[in-house]
There are 2 protein chains.
Amino acid sequence: MAIELDEIDVKLLTQLQQDADRTNLELAELAGLSPAATLHRVRRLKESGAIRIVSASVDAAAVGFPLTVFMAVTTGNARATERFEREVQLLPQVIAAETVAGEMDYWLTVVARDVEDLEHTLTRIATHGGGRVVTYLRLKQLKPPTPLPLLPSAAARQKRRS
Amino acid sequence: MAIELDEIDVKLLTQLQQDADRTNLELAELAGLSPAATLHRVRRLKESGAIRIVSASVDAAAVGFPLTVFMAVTTGNARATERFEREVQLLPQVIAAETVAGEMDYWLTVVARDVEDLEHTLTRIATHGGGRVVTYLRLKQLKPPTPLPLLPSAAARQKRRS
DNA sequence: GGTGAAAGAAAAGACTT
DNA sequence: AAGTCTTTTCTTTCACC
């Protein structure tokens with residue numbers, strides 16, 4: 001199931017999660033590998049699906065979205081759920097949505113230019129299948145996204161020993 | 001406050017949020033701009049802080065973390081809060097944390113290799129300042145992270161007209 | 001702030017160990 | 001699977017608009 005990673009893969013993935021805006025040469029030096037081998041490894045990590053995408057993280061507040069709100073939502077019957085899921089896809093202010101198991105059914109990330117914009121999105125959700133909706137206004141990042149605490153897989157360690 | 005963006009900036013930011021793993025040449029073509037001008041624009045967007053970081057998004061499940069859990073947490077007094085915030089920074093399984101205003105005080109993203117690993121993290125949080133803790137097991141992505149619904153700023157539109 | 005051309009750097013590929 | 005070398009391609013800088 002899980003992709004086998006050796007020490008070098010772990011190094012590469014950890015670096016790339018922190019900063020993917022480096023040249024292959026810099027990355028090679030950080031990993032203690034030749035540039036060609038590094039290129040090959042990184043390509044394999046992308047092809048295997050370990051690396052999903054490389055993307056630029058934009059500062060929402062800096063580009064006109066001072067409000068970020070997290071919303072926990074429940075839906076009722078199947079009809080409401082379907083309506084809700086469709087609305088989530090349609091609303092551009094909903095920049096991410098997850099299905100969850102627990103006290104609520106969905107977790108949304110919503111951005112807004114101002115309170116009016118936010119209220120509009122909230123209303124749309126409430127009137128399109130949203131049942132109970134709990135909102136949390138994002139105040140600040142306490143811990144900015146960190147790399148996954150990766151470890152070389154047992155198989156990779158074994159391989160290295162041989 | 002907000003950085004002024006014109007139509008081209010919006011195009012570039014939208015593309016880079018979706019895929020930053022393109023050459024400057026490809027990006028230039030998508031934006032309808034010369035490679036040199038594109039390079040200049042992107043550098044400015046990074047320097048201005050509109051682009052925070054460029055990073056690789058790793059598939060947690062694919063690299064050995066089949067469980068992702070969101071946790072809403074409240075803390076009690078100032079002492080508990082301080083302990084909690086310290087613990088969040090220390091636990092590598094907590095890969096992101098936000099301070100929020102609303103029914104709860106914090107929103108955490110936690111990854112785990114198995115149920116035992118998850119239980120360990122939960123216990124650490126509960127015993128280090130965590131008050132009420134509500135967990136939501138992530139089932140699936142309903143809407144994968146989309147680019148911000150950016151618009152050219154009024155000033156930039158004005159400029160273009162002149 | 002944009003364009004176009006030239007120099008420098010990096011990535012991709014073939015071959016060797 | 002990794003290292004070296006060569007070719008190709010991209011990035012970067014500069015002068016000019």
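The chains referred to below are lettered A, B, ... by the order of the sequence lines, with proteins before strands, and numbering in each begins at 1.
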| said: Check this for me: does any side-chain nitrogen of one of E82(B) and R86(B) sit under 4.0 Å from a carboxylate oxygen of the other? | reply: yes
| Rounded to the nearest Å, what distance is computed from the CG atom of residue L27(A) to the C1' atom of nucleotide dA9(C)? | 17 Å
| request: Tell me which nucleotide among dT11(D), dT4(D), dT3(C) gets nearest to the side chain of S34(A). | output: dT4(D)
| field | Main-chain N/O of T75(B) paired with D105(B) side-chain donor or acceptor, under 3.5 Å | value | yes
| Length of the CG-P vector between D6(B) and dG2(C), whole Å | 7 Å
| query | Please give, in whole Å, the distance from dT3(C) C1' to L33(B) CG? | reply | 10 Å
| task | Rounded off to whole Å, could you give me the CD1-to-P distance for the I8(A) and dA2(D) pair? | result | 6 Å
| field | Any R22(B) side-chain nitrogen or oxygen under 4.0 Å from OP1 or OP2 of dC10(D) | value | no
| note | With the side chain defined as heavy atoms from C-beta on, T23(B) is closest, among dG13(C), dT13(D), dT11(D), to dT11(D)
| said: Quick one: does any side-chain atom of K140(A) pair with a main-chain N or O of T99(B) as donor and acceptor, under 3.5 Å? | reply: no
| task | Could you tell me the separation between the CG atom of L39(B) and the P atom of dT12(D), rounded to a whole number of Å? | result | 5 Å
| Within a reach of under 6.0 Å around CD of Q141(A), are more than 12 heavy atoms found that belong to other residues, nucleotides or ligands? | yes
| message | Before you tell me yes or no, could you show the steps for E29(B) and R22(B) under salt bridge (charged side-chain N to carboxylate O under 4.0 Å, His left out), namely the whole-Å CA-CA distance, both residues' side-chain angles and the distance that decides it to 0.1 Å? | response | CA-CA 11 Å; E29(B) 195 160 353; R22(B) 279 189 275 244; over 6 Å; no
| query | Does N24(A) make a side-chain N or O approach to OP1 or OP2 of dA11(C) shorter than 4.0 Å? | reply | yes
| Within this structure, what is the CG-to-C1' distance between D21(A) and dA10(C), rounded to whole angstrom? | 14 Å
| If you check the A36(B) side chain, which of dG1(C), dT11(D), dT3(C) turns out closest? | dT3(C)
| task | Under 4.0 Å between any heavy atoms, over every strand shown, what does L25(A) touch: base, sugar-phosphate, or nothing? Just pick one. | result | sugar-phosphate
| field | Separation of atom CZ in R41(A) from atom P in dA11(C), rounded to whole Å | value | 17 Å
| said: Tell me the interatomic distance from E29(B), atom CD, to dT11(D), atom P, rounded to whole angstroms. | reply: 13 Å
| request: Pick base, sugar-phosphate or nothing for R43(B), based on heavy-atom distances below 4.0 Å to the nucleic acid. | output: sugar-phosphate
